[in-house]
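Here the structure is laid out as structure tokens; the discussion comes afterwards.
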Amino acid sequence: MKKVKSTLFSLLIAGSLMSPAHAATLGNEDNSANNVGQEKFRVYIEANNQSAKQSAKAQYSARWELTENGFSTEMNEKQFQALQKNKNFTVTKVPVVSLDPINLELGEDYTVEDRTPDASAYARASQQVPWGIKAIYNNSSLTSTSGGSGVNIAVLDTGVNTSHPDLSNNVEQCKDFTTASSVVNNSCTDRNGHGTHVAGSALADGGSDRGGVYGVAPDADLWAYKVLTDSGSGYSDDIAAAIRHAADQATSTRTKTVINMSLGSSANNSLISSAVNYAYSKGVLVVAAAGNSGYAQGTIGYPGALPNAIAVAALENVQQNGTYRVADYSSRGYASTDGDYVIQQGDVEISAPGSAIYSTWYNGGYNTISGTSMATPHVAGLAAKIWAQNPSWSHTQLRSNLQTRAKAVDIKGGYGAATGDDYASGFGFARVQ
């Protein structure tokens, strides 16, 4: 999962009316010959009405228009300070989101920094179905997977290697939301690995029986949306735009769609939360990582913490013996909500395999990494598989089914007791059977 490094998400506040006299004063202070503070950064401008919005757009090129009277753009510090003084607008800096690595002090053997591909993977038949996939199918002798036909899984991440032999057959959309212009079609290059790994756990198809890996739902369609740069960071407005785009695509194509977001922030953000609510209102199921900030209570990241998103906790396979428990690093909800069987803001909802997960990698090979980022696509794939089997279901019926089929799991180290709705594992481990 990813989270804010040093900047917190800012709340968006409605702006006041702008009179015509103020229209020509936006950013005039930028004419200074002093170069100090000229570096540009992303902001979100909110006006009170369309007239004010158009006046601002005349001076600042709009990147994303995510609210009726608002848009994101770039400006320097002097322009930002000048616009803040104008009572006709509310302007906020758009924070950067980044990958959330595992804390090495927690004793994890694999982290998102371990990027050594397995060059001999094609010759290792035992890796065709990784342990997490076998676990979610509840079948230790599984040799392949199936399902997900007609359902889209939108992976919002660092991009995807759509030429990977285990993923190429599934690609339906490939789009980049991180460029200087608007969305770029047929471009989603992943030079990080995180997004390709996530996609593989959700829907890898085994590389046409050439010894690759299988994901949970190999017949699902992949919508690969690059919302994070190659360094693993990205702006919240790009993420919000991709969420809304996926929802609109699902509506226009009349297809079932699951959004996978193995990303997040420690603070709520109105742009992303509004986009999640918008997607949910369109019948899209949103699945997001709980975060790697455990094991303290109240550490679920956003957007996973939102009521309209499924927050996924990470499980580890204890000594590879089929006993699963919540990993120490996996973020927790609040113990006070244990056993209420109601998903509220800040709750874990479902658990899935997240530690030592073997999957596809950006260079065409494979890698083993850990985190709630890795657990999330297991749930997204499971959702796609179940939805394909029950196409008449709504996304809310599907969500209820995931909760119903979940089984309680252990909470490592005595940090609580598994109740079937606890602050560490949520409803528990949801499986195919």
Side-chain angles (χ1 to χ4, degrees), residues 1 99 102 110-112 114-115 117-118 121 127-137 139 142 144-148 151-162 164-171 190 192-207 212-224 258-263 287-290 292 310 312-317 324 327 330 350-362 365-386 402 429-432:
M1 184 186 172
L99 294 181
I102 302 300
Y110 304 90
T111 78
V112 292
D114 178 8
R115 299 181 178 179
D118 189 338
Q127 287 288 8
Q128 286 188 358
V129 184
W131 82 262
I133 307 301
K134 290 181 178 180
I136 207 165
Y137 269 79
N139 184 349
L142 192 68
S144 65
T145 60
S146 64
V151 180
N152 313 306
I153 300 179
V155 175
L156 279 56
D157 215 290
T158 60
V160 174
N161 178 358
T162 55
H164 196 292
D166 298 2
L167 300 172
S168 59
N169 294 328
N170 304 76
V171 181
D190 179 18
N192 178 285
H194 192 271
T196 301
H197 194 279
V198 166
S201 293
L203 46 64
D205 69 356
V213 299
Y214 282 93
V216 180
D219 299 320
D221 295 319
L222 172 62
W223 289 3
V258 179
I259 292 178
N260 185 104
M261 286 188 285
S262 294
L263 53 79
V287 185
N292 302 329
I310 296 175
V312 183
L315 299 176
E316 57 185 10
N317 189 3
Y324 312 112
S330 187
I350 298 291
S351 304
S355 291
I357 301 301
Y358 184 84
S359 187
T360 47
W361 202 239
Y362 74 106
Y366 304 86
N367 199 8
T368 302
I369 56 179
S370 297
T372 56
S373 283
M374 286 58 258
T376 306
H378 285 78
V379 175
L382 177 61
K385 181 179 177 66
I386 297 171
L402 288 170
F429 186 8
R431 305 188 191 184
V432 171

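When a residue number appears, it is its place in the shown sequence, counting from 1.
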Sorted by chain and residue number, the side-chain hydrogen bond (donor to acceptor under 3.5 Å, both in side chains) partners of S201 (sequence neighbours excluded) come out as none
Those residues at least two apart in sequence (or on a different chain) that pass side chain to side chain contact (heavy atoms under 4.5 Å, CB included) with S146 are D219, K385
For a 4.5 angstrom cut-off between non-hydrogen side-chain atoms, does L382 reach R431? no
Are the side chain of D166 and the backbone of G207 linked by a donor-acceptor contact shorter than 3.5 Å? yes
Under 3.5 Å donor-acceptor, Y358 side chain and Q128 backbone: no
Could you check whether any side-chain N or O of W131 sits under 3.5 Å from a backbone N or O of A356, counting only pairs where one atom can act as donor and the other as acceptor? yes
What heavy-atom pair brings L402 and A383 nearest, and what distance separates the two atoms? CD1-CB, 4.2 Å
Pairing residues for N161 by the side chain to side chain contact (heavy atoms under 4.5 Å, CB included) criterion, not counting sequence neighbours: S163, H164, T196
Minimal non-hydrogen separation, V129 against K134, with atom names: O-CE, 3.2 Å
Would you say the side chain of P353 lies within less than 4.5 Å of the side chain of F429, judging by non-hydrogen atoms? yes
Less than 4.5 Å apart, side chain to side chain, heavy atoms only: is that true for W223 and I153? no
Does A314 have any side chain to side chain contact (heavy atoms under 4.5 Å, CB included) partners at least two apart in sequence or in another chain, and if so, which? Y329, S330, T372, A375
Hey, are the side chains of M374 and H194 touching, using non-hydrogen atoms and a 4.5 Å cut-off? yes
Listed by chain and number, what are the side chain to side chain contact (heavy atoms under 4.5 Å, CB included) partners of N170, not counting sequence neighbours? L203, D205, L222
Single hit among L142, L315, V216 for side-chain contact (heavy atoms from CB on, under 4.5 Å) with I136: V216
May I ask you to decide if N367's main-chain N or O and H197's side chain share a donor-acceptor pair within less than 3.5 Å? yes
